[in-house]
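Below: one structure, written as structure tokens.
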Amino acid sequence: DLTITANGDLTDSGTVAVTGTTSLNVTGNNITLDDGSNNFSTVTIQPANNVTLVDTNALVLGASTVGGVLNVTVGGELTDSGTVAVTGNTFLTAGSNNITLDDGSNAFSTVSIISSNNATLVDTNALILGASTVSGDLTITANGDLTDSGTVAVTGTTSLNVTGNNITLDDGSNDFSAVTISSSNNATLVDANLITLNASTISGALNVSAQDLAIGGALSVTGSASITESNGDGIGLGDTTIAGGLNLTGAELQNITSAGLSLTTSGNVTVDNITAANSNSISGTVTIDSGNNVSFLTADSTFNALDVQA
């Protein structure tokens, strides 16, 4: 083990290799151990201001308190073995490796994932996602509101759980693939491209803005659901599609249970063959708001209540 206590900044001027646990205490000062060949096992930090750690292999963060910014770069997986509390921004770079910071008492402020394969974050409070790129799956559990402060791009599935709190991921350049919301109050998602909503439970209202939307499972929304087609190419509903637009089949509509549904686009809307079975799970009014024309094709469509604005 390596134990260091200093009353000033701690830096390196060469490679530091430690097989056991590294315990660092610089009482409010900075730690910069950024040699590219450093090789730690577990690092605990009690306490520090700004901290930069570089490890050529995997790294385990033990119980740590960082009063400023935490910047970690690893050449292997990044995990925790104790509570990590960071007052400032956290920057994590793991390349094609996984990040798993899942201690139930972790307390971050803003976390930016510069690169990773799968990433799992747990926060006992609210969490802000800074600009992040995740090439695998992203899993977030928070005990407060989840928001973004930069573009979040996730190649795999994004799984979100904020039980009773709000999700607002509304950066206009966000690029998700599939999103599952295990539990939230109000949820707002913005995607610059196609987003797939898997089975989700939302106790408040759901607001989605995207170029296109697919429904991959049952959506249970206690409040109203609002879907906005962002490019102005239009919305196709039922047995009709609009090239480049947002298209929802009757079967996908049937997967939405909500108090109401609003569909908004600056383009045209076409509706064809929405059956009572497709729309009955929407107990309130279906509002279609088009900046141009709304067309009902030859097959009948049935709604509990319909409001058309064009």
Side-chain angles (χ1 to χ4, degrees), residues 157-158 167 169-170 172-181 184 186-202 204-310:
T157 298
T158 299
I167 296 171
L169 301 178
D170 59 356
S173 298
N174 284 343
D175 190 7
F176 301 102
S177 176
V179 175
T180 299
I181 300 173
S184 80
N186 299 320
T188 298
L189 300 173
V190 174
D191 195 296
N193 299 297
L194 165 68
I195 186 173
T196 298
L197 284 181
N198 290 332
S200 297
T201 301
I202 297 152
L206 171 65
N207 294 280
V208 179
S209 176
Q211 179 181 346
D212 196 3
L213 171 68
I215 306 297
L219 297 183
S220 175
V221 183
T222 303
S224 295
S226 174
I227 298 171
T228 301
E229 186 273 323
S230 58
N231 278 14
D233 291 320
I235 295 175
L237 188 61
D239 294 345
T240 181
T241 59
I242 292 181
L246 190 153
N247 298 290
L248 288 176
T249 66
E252 287 179 307
L253 187 67
Q254 194 166 331
N255 266 328
I256 303 174
T257 300
S258 66
L261 175 64
S262 174
L263 301 171
T264 303
T265 178
S266 60
N268 296 318
V269 177
T270 59
V271 182
D272 188 28
N273 195 27
I274 296 297
T275 68
N278 297 153
S279 61
N280 271 345
S281 58
I282 300 168
S283 60
T285 300
V286 174
T287 300
I288 298 175
D289 188 351
S290 167
N292 283 298
N293 300 315
V294 177
S295 303
F296 291 85
L297 303 186
T298 54
D300 291 342
S301 292
T302 303
F303 302 91
N304 286 322
L306 181 65
D307 179 16
V308 177
Q309 303 175 19

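The structure displayed is predicted, hence computed values, not measured ones.
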Give, for atom OG1 of Thr158 and atom CD1 of Ile195, the distance between the pair rounded to the nearest 0.5 Å. 8.0 Å

Within a strict 4.5 Å, meaning less than it, do heavy atoms of the Phe296 and Val308 side chains meet? yes

Distance in Å, Asn186 CG paired with Ser224 OG, rounded so as to fall on 0.5 Å steps: 10.5 Å

Within the 4.5 Å heavy-atom criterion, are Thr157 and Val179 side-chain neighbours or not? no

What are the two closest heavy atoms between Leu253 and Ser281, and how far apart are they? O-OG, 4.2 Å

Report the residues that fulfil side-chain hydrogen bond (donor to acceptor under 3.5 Å, both in side chains) with Thr270, sequence neighbours left out, ordered by chain and then residue number. Thr240

Between Asn198 and Gly217 (side chain of the first, backbone of the second, donor and acceptor by atom type, cut-off under 3.5 Å), is there such a pair? no

Starting at CG of Leu197, measure out to CD1 of Ile181 and round the result to the nearest 0.5 Å. 6.5 Å

Contacts of Asn280 meeting side-chain hydrogen bond (donor to acceptor under 3.5 Å, both in side chains) (sequence neighbours excluded), chain-then-number -> none

Has Ser279 got a side-chain atom pairing as donor or acceptor with Thr302's backbone, closer than 3.5 angstrom? yes

Answer yes or no: is there a donor N or O on one side and an acceptor on the other, between the side chain of Ser230 and the main chain of Ala210, under 3.5 Å? yes

Which residues share a side-chain contact (heavy atoms from CB on, under 4.5 Å) with Asp300, sequence neighbours left out: none

Please name the pair of heavy atoms, one in Phe176 and one in Asp191, separated by the smallest distance, quoted to 0.1 Å. N-OD2, 2.6 Å

Rounded to the nearest 0.5 Å, how far apart are OG1 of Thr241 and CG of Asp272? 10.5 Å

Any idea which heavy atoms bring Ser290 and Gly267 closest together, and the distance? OG-O, 2.6 Å

Whether Glu229 side chain and Gly245 backbone form a donor-acceptor pair below 3.5 Å: no

For Ile274, is there any backbone N or O sitting under 3.5 Å from a side-chain donor or acceptor partner on Ser301? yes

Please name the residue in the list Val190, Leu189, Leu246 that meets the side-chain contact (heavy atoms from CB on, under 4.5 Å) test with Ser209. Val190

Just wondering, do Asn255 and Leu219 contact through their side chains at under 4.5 Å, heavy atoms? no

So do Ile235 and Ile227 actually touch side chain to side chain, heavy atoms under 4.5 Å? no

Is there a donor-acceptor contact under 3.5 Å from the side chain of Asp212 to the main chain of Asn247? yes

Within the side chain of Asn268, is there an N or O that forms a donor-acceptor pair under 3.5 Å with the backbone of Asn293? yes

Kindly compute the distance separating CD (Glu252) from CG (Leu237), expressed to the nearest 0.5 Å. 10.0 Å

Note: Ala259 and Ser283 closest approach over all heavy atoms is CA-OG, 3.5 Å

Gap between atom CG of Leu261 and atom CD1 of Ile288 - 0.5 Å precision: 8.5 Å

How far apart are the closest heavy atoms of Ile256 and Ile282, and which atoms are they? O-CG1, 3.8 Å

Under 3.5 Å, side chain of Ser200 to main-chain N/O of Thr180, donor-acceptor pair present? no

Of all the heavy-atom pairs spanning Gly172 and Ala192, show the shortest one and how long it is. O-CB, 3.6 Å

